[in-house]
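There's a structure below that I have some questions on.
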Amino acid sequence: MRYDYVIVGAGIAGLYATLNIPKDKSVLLLSKDPIWECNTFYAQGGVATAVDEEDIYAHIEDTLKAGAGLCDKEAVEILSRNSILVIEDLIARGFEFDRDEEGNLLFTKEAAHSRPRILHAGGDATGRELHRFLLQNTHAKVFDGVIVIDLLIEDGICHGVTVRQGAKQFNVYANNVFLTSGGIGSLYEFHTNAKKISADIQGIAALKGLPLKDMEFTQFHPTVFVYNKRARKFLLTEALRGEGATVVDEEGRRFLFDYDPRGELAPRDIVSRAIFRHQKAGHKVYLDFAAFSEEFFKKRFPNIYRTFRNLGYAVPFDRVPISPAFHFIMGGIKTDTWGKVEGMENLYAVGEVACSGVHGANRLASNSLLEGLVFSKRAVEDSLIQDRQIRPKEFRQLPFVLTKSEDKALKERLRHIMWHKVGIIRKRGELEEALEFTQEVLEQDIGYLLKLRVLSAKAIIQAALNRKESVGAHYIEGE
Ligand code: SIN
């Protein structure tokens with residue numbers, strides 16, 4: 001099988017890339033099962049964008065400030081300067097963001113933004129609406145129910161990927177390979193990510209010696225309902241706080257102001273740590289919707305309304321118990337500002353799997369969907385300029401044993417250790433214990449998929465140990 005493009009992952013970055021690839025190019029999009037289940041689908045808040053030309057400067061400043069001095073300034077400028085363009089492109093293709101009665105786009109506010117600049121769709125269903133729209137408009141051939149288990153790399157060229165579909169294994173070759181597979185949520189016990197986001201590609205990158213950058217910067221979302229049985233916990237979007245929801249304890253006290261004068265609108269790492277500390281001090285923490293009428297709440301946050309009514313909470317009258325949970329990794333496979341993987345000829349990484357430098361030590365809310373749009377378009381543009389024709393080369397298939405009987409228990413222990421020892425507040429000694437655990441597991445007879453997970457976890461822990469000071473989402477104290 002040979003294509004002009006192979007795209008690994010069917011979230012916003014992968015799908016929007018396919019929309020930008022000319023129709024006369026052959027494109028294969030690979031997705032785990034089911035195709036709709038990805039982080040894009042679950043994104044509630046929206047897409048951040050500069051509201052107009054005048055707002056570009058402020059959007060850049062807010063992004064740099066959130067990134068705690070560790071963003072790549074050029075990448076941030078590219079992100080913001082291109083934001084209006086990609087939004088206009090989506091609208092021109094027929095996508096409908098929410099508008100007011102006069103037809104003006106509605107912008108909401110989220111933490112650490114200096115003004116409302118988040119576009120949304122379907123109220124709190126932005127990701128779902130976008131994902132459906134992009135899927136409907138792609139011309140790519142789609143294989144779902146597949147796992148990419150290897151990158152066929154030789155002399156700085158990625159010739160393609162090895163794929164497993166049930167018991168079948170095969171190689172797919174391409175002139176350009178795009179990695180758009182998302183982050184690492186399943187490494188943590190509590191997370192907001194789609195179940196299939198399991199850090200495989202970051203693990204392959206570690207195995208192949210591709211550069212991983214900023215892996216210690218893992219972001220925890222402050223307002224998550226973690227009391228459901230599923231691995232994926234239920235996010236309560238930042239937009240709720242942006243529009244007036246408050247964080248209170250069992251006495252109804254807005255304790256966040258004890259930690260930061262911005263209260264509910266402080267950056268999410270600060271809010272997460274404050275909630276975490278308050279819980280450790282024995283308090284219960286809730287999101288309170290007293291600011292909203294039922295009519296407004298139902299219209300603006302229809303999914304959250306429905307979900308919590310089904311769970312037995314009479315929102316907006318009942319408050320909902322919350323906790324922070326892992327949400328997003330700022331680090332990933334290091335790329336240039338065209339999405340090209342450092343040191344590689346025709347391999348691109350875009351979105352959460354990548355580290356383009358736009359997020360630095362902490363991501364500004366709702367910049368992630370925007371990153372997927374802007375940098376996937378740029379990656380396609382670069383590939384078209386290069387117009388590569390990679391000389392065909394066959395690779396032997398390696399006999400991968402994906403799973404073994406002990407894997408499940410070890411995977412659960414890893415998730416527990418990542419949450420408790422590589423979480424919101426880190427201690428050096430605990431990071432060392434976590435590292436030791438990963439080394440012990442890697443020496444055991446484990447399945448290949450678990451090995452990839454553990455390699456990704458190890459990269460995070462090592463980076464956390466190397467970063468001695470607290471910065472952004474990496475917070476370290478004591479020994
Ligand atoms: C949210 O809706 O709170 C999540 C937005 C984001 O992760 O940027």
Side-chain angles (χ1 to χ4, degrees), residues 11-13 38-49 59 62-63 66-67 71 76 79-80 83 97-98 106-113 116-131 182-185 188 190-194 197 217-226 232-247 264-272 275 287 289 300-305 307-308 320 322-330 332 351-352 358-374 472-473:
I12 193 164
C38 60
N39 282 353
T40 297
F41 180 89
Y42 290 118
Q44 294 177 358
V47 190
T49 176
H59 181 221
D62 289 351
T63 303
C71 299
V76 174
L79 179 80
S80 191
S83 61
F97 286 105
D98 292 340
L106 284 167
F107 293 93
T108 193
K109 185 160 161 53
E110 290 181 355
H113 283 273
R117 62 162 78 90
I118 321 295
L119 289 171
H120 45 90
D124 56 2
T126 312
R128 182 179 304 195
E129 294 296 321
L130 261 173
H131 194 254
I184 54 120
Y188 280 91
F190 297 104
H191 69 82
T192 62
N193 290 189
I197 302 296
F217 298 125
T218 54
Q219 186 172 71
F220 297 86
H221 197 289
T223 57
V224 183
F225 181 80
V226 296
R232 183 181 72 83
K233 304 304 175 194
F234 197 81
L235 185 77
L236 288 137
T237 174
E238 293 255 0
L240 284 158
R241 279 175 289 134
E243 302 213 14
T246 56
V247 174
E264 279 84 4
L265 293 183
R268 63 174 64 153
D269 61 315
I270 293 174
V271 178
S272 288
I275 294 175
L287 198 58
F289 312 110
R300 176 65 184 85
F301 302 107
N303 276 313
I304 293 174
Y305 179 84
T307 303
F308 283 94
V320 167
I322 51 161
S323 167
F326 172 82
H327 185 55
F328 186 91
I329 184 162
M330 276 65 78
E352 197 174 346
V358 292
H359 306 307
N362 201 8
R363 177 175 62 89
L364 185 67
S366 287
N367 265 353
S368 47
L369 292 180
L370 179 63
E371 179 191 21
L373 293 169
V374 168

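Computation of the quantities below employed the complete heavy-atom set of this structure, encompassing side-chain atoms and omitting hydrogens, waters and symmetry-equivalent molecules. Quick note: residue numbers are just sequence positions, from 1. Numbering of ligands and ligand atoms starts at 1, following listing order.
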Cut-off 3.5 Å, side chains only: do Asn362 and Gln219 have a donor facing an acceptor?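 Note: Asn362 and Gln219 side chains meet the donor-acceptor criterion.
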
Asp98 versus His120, side-chain donor and acceptor atoms under 3.5 Å: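 Present: a donor and an acceptor within the cut-off.
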
Using the ring pair (Phe, Tyr, Trp, His ring centres under 6.0 Å) criterion, which residues pair with Tyr188? Sequence neighbours excluded.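 So Tyr188 forms a ring pair (Phe, Tyr, Trp, His ring centres under 6.0 Å) with Phe220, Phe326.
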
Strictly by modelled atom types, are Glu243 and Thr108 linked by a side-chain donor-acceptor pair under 3.5 Å?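 Indeed, the side chains of Glu243 and Thr108 share at least one donor-acceptor pair under 3.5 Å.
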
Thr40 (side chain) donor-acceptor with Gly127 (main chain) under 3.5 angstrom: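 No.
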
For ligand 1, the residues whose heavy atoms come within less than 4.0 Å (ordered by chain, then number):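 Lining ligand 1 at under 4.0 Å, by heavy atoms, one finds Gly45, His221, Leu235, Thr237, Glu238, Arg268, His327, Arg363, Ala365, Ser366.
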
Close aromatic pair by centroid cut-off 6.0 Å: Phe308 and Phe225: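 So the answer is yes for these two rings.
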
